[in-house]
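Just so you know, these numbers come straight off a predicted model, no measurement behind them. First the proteins, then the strands, lettered A, B, ... as listed; each starts at 1. The analysis underlying the following values was restricted to heavy atoms, covering all of them including side chains, and did not include hydrogens, waters or symmetry mates.
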Number of protein chains: 2
Amino acid sequence: MESLNLRPATPADVPQILQFIRDLATYEREPDAVLATEADLLRDGFGETKRFVCILAELTDASTITPAGFALYFYNYSTWRGHAGIYLEDLYVSPEHRGKGIGKALLTRVAAIAVAEGCPRYEWSVLDWNQPSIDFYQQLGAVMKSEWKGMQVSGEALAALAAQSK
Amino acid sequence: MESLNLRPATPADVPQILQFIRDLATYEREPDAVLATEADLLRDGFGETKRFVCILAELTDASTITPAGFALYFYNYSTWRGHAGIYLEDLYVSPEHRGKGIGKALLTRVAAIAVAEGCPRYEWSVLDWNQPSIDFYQQLGAVMKSEWKGMQVSGEALAALAAQSK
């Protein structure tokens with residue numbers, strides 16, 4: 001009998017986490033976008049300054065443990081609430097294990113972590129053309145912050161902006 | 001001769017930071033939205049687990065130091081880049097000190113911090129009807145992540161979502 005187990009990732013899971021990150025990028029049709037290395041994830045997830053937390057989903061039966069997906073989040077901050085919130089950066093389930101409720105199990109587990117830690121908000125992002133996901137999230141009680149747009153500076157533009165600092 | 005000084009905030013600045021947060025909420029016509037207390041900001045900005053960093057802008061002359069604005073950011077995470085980035089949560093300049101380049105000085109100072117710390121991305125959000133700000137940010141090299149929408153769960157909906165975790 002196959003059962004689902006969710007657990008916090010450990011340093012030994014870094015190769016699997018990186019594989020999931022690559023699988024997710026491939027699914028998003030950006031297979032070459034992943035520049036992260038195992039050393040990066042070890043430093044930022046399990047080193048002195050933790051920049052993210054990862055929860056692994058595994059399917060277990062009598063003899064085997066099969067990695068099936070992961071959730072990766074970090075803490076943002078609400079100056080209105082005066083408290084950290086949780087931002088879910090990645091949520092991924094391997095294609096062969098979809099339809100088993102693993103995505104929802106990961107999503108709700110991170111919600112439970114948010115509540116346990118007193119975080120007033122739990123947030124993530126969705127592509128605006130991905131209506132099935134939007135519908136699913138709204139059924140779960142999420143609201144869309146539809147007036148807000150993200151701005152990003154990176155690469156040479158970031159270097160140029162930084163150079164203007166006096 | 002008045003001059004501008006930017007510096008990292010200290011615990012002694014917490015009352016001023018909270019006042020700026022309230023001023024910003026009032027400017028955004030949400031004066032009652034700020035539930036944060038000085039104890040919250042002390043814990044999250046200067047305690048064991050730092051959830052945000054605050055830079056203060058001050059105008060100084062021979063005899064006085066006048067607080068003029070602030071920038072407050074936290075670290076997000078890019079699993080593609082394998083590195084933390086900087087997310088600018090709040091940027092505020094007191095109305096009486098606008099037009100002096102203080103907002104741009106704060107924005108570029110945080111860009112310089114991002115570069116110095118090896119952060120590949122510097123991000124913030126803007127209201128989609130605030131075209132003057134969007135134009136200003138785009139002139140500075142920022143690109144809009146226009147396909148992405150933020151989803152948020154809070155309050156009773158978050159408790160209900162958490163309760164579904166097995």
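Residue contact with chain A, scored on non-hydrogen atoms closer than 4.5 Å, involves the side chain of R43(B) exclusively. With a 4.5 angstrom heavy-atom cutoff, E89(B) touches chain A only via side-chain atoms. For chain A, the nearby part of E28(B) is the side chain; its heavy atoms alone come within less than 4.5 Å. Only the side chain of L72(B) comes within contact range of chain A, judged by heavy atoms closer than 4.5 Å.
With chain B as the partner, the residue from V153(A), D90(A), D40(A) showing the most heavy-atom pairs under 4.5 Å is V153(A). Between chain A and the options K149(B), E156(B), K145(B), the largest number of non-hydrogen pairs under 4.5 Å is found for K149(B). Per-residue counts of heavy-atom pairs under 4.5 Å with chain A were compared for V34(B), T79(B), T49(B), L35(B); the largest is that of T79(B). Among N76(A), I113(A), N130(A), the residue making the largest number of heavy-atom pairs under 4.5 Å with chain B is N76(A). Interface remark: of the candidates A160(B), A116(B), C119(B), A112(B), A112(B) forms the most heavy-atom pairs closer than 4.5 Å to chain A. Interface check for chain B: of the options G141(A), S165(A), A84(A), the most heavy-atom pairs under 4.5 Å are formed by S165(A). Ranking F52(B), W124(B), W129(B), W80(B) against chain A, the residue ahead of the rest is W80(B), based on heavy-atom pairs under 4.5 Å.
For the pair L127(A) and W148(B), the minimum side-chain heavy-atom distance is below 4.5 Å. Residues M144(B) and Q152(A) have side chains not in contact (no heavy-atom distance under 4.5 Å, counting atoms from C-beta outward). Under the 4.5 Å side-chain criterion, counting only non-hydrogen atoms from C-beta, K166(B) is not in contact with K104(A).
The distance between the ring centers of F74(B) and Y77(A) does not fall below 6.0 angstrom.
The hydrophobic clustering, which links ILVMFWY residues whose side-chain heavy atoms are closer than 4.5 Å, places I86(A) and I17(A) apart. Hydrophobic clustering (ILVMFWY, side-chain heavy atoms < 4.5 Å, transitive): I21(B) and L6(B) are in distinct clusters. Linking ILVMFWY residues whenever their side-chain heavy atoms come closer than 4.5 Å, directly or via other members, leaves V53(A) and Y87(B) in distinct clusters. F70(B) and L91(B) are members of different hydrophobic clusters when ILVMFWY side chains are connected at heavy-atom separations under 4.5 Å. By the rule that hydrophobic residues join a cluster once side-chain heavy atoms approach within less than 4.5 Å of another member, I102(A) and Y92(A) end up as members of separate clusters.
Distance CD1/I134(A) to CE/M151(B): 6.5 Å, rounded to 0.5 Å.
Both tests hold for R51(A) against Y75(B): distance to the six-membered ring centre under 6.0 Å, angle to the ring axis within 45°.
Here the shortest heavy-atom pairing between H83(B) and D44(A) reads CA-OD2, 3.8 Å. The two residues V115(A) and A159(B) have their closest heavy-atom pair at CG2-CA, 4.3 Å. Between S154(A) and P120(B) the shortest heavy-atom distance is CB-O, 3.2 Å. The nearest pair of heavy atoms linking R121(A) to L158(B) is N-CD2, 4.3 Å.
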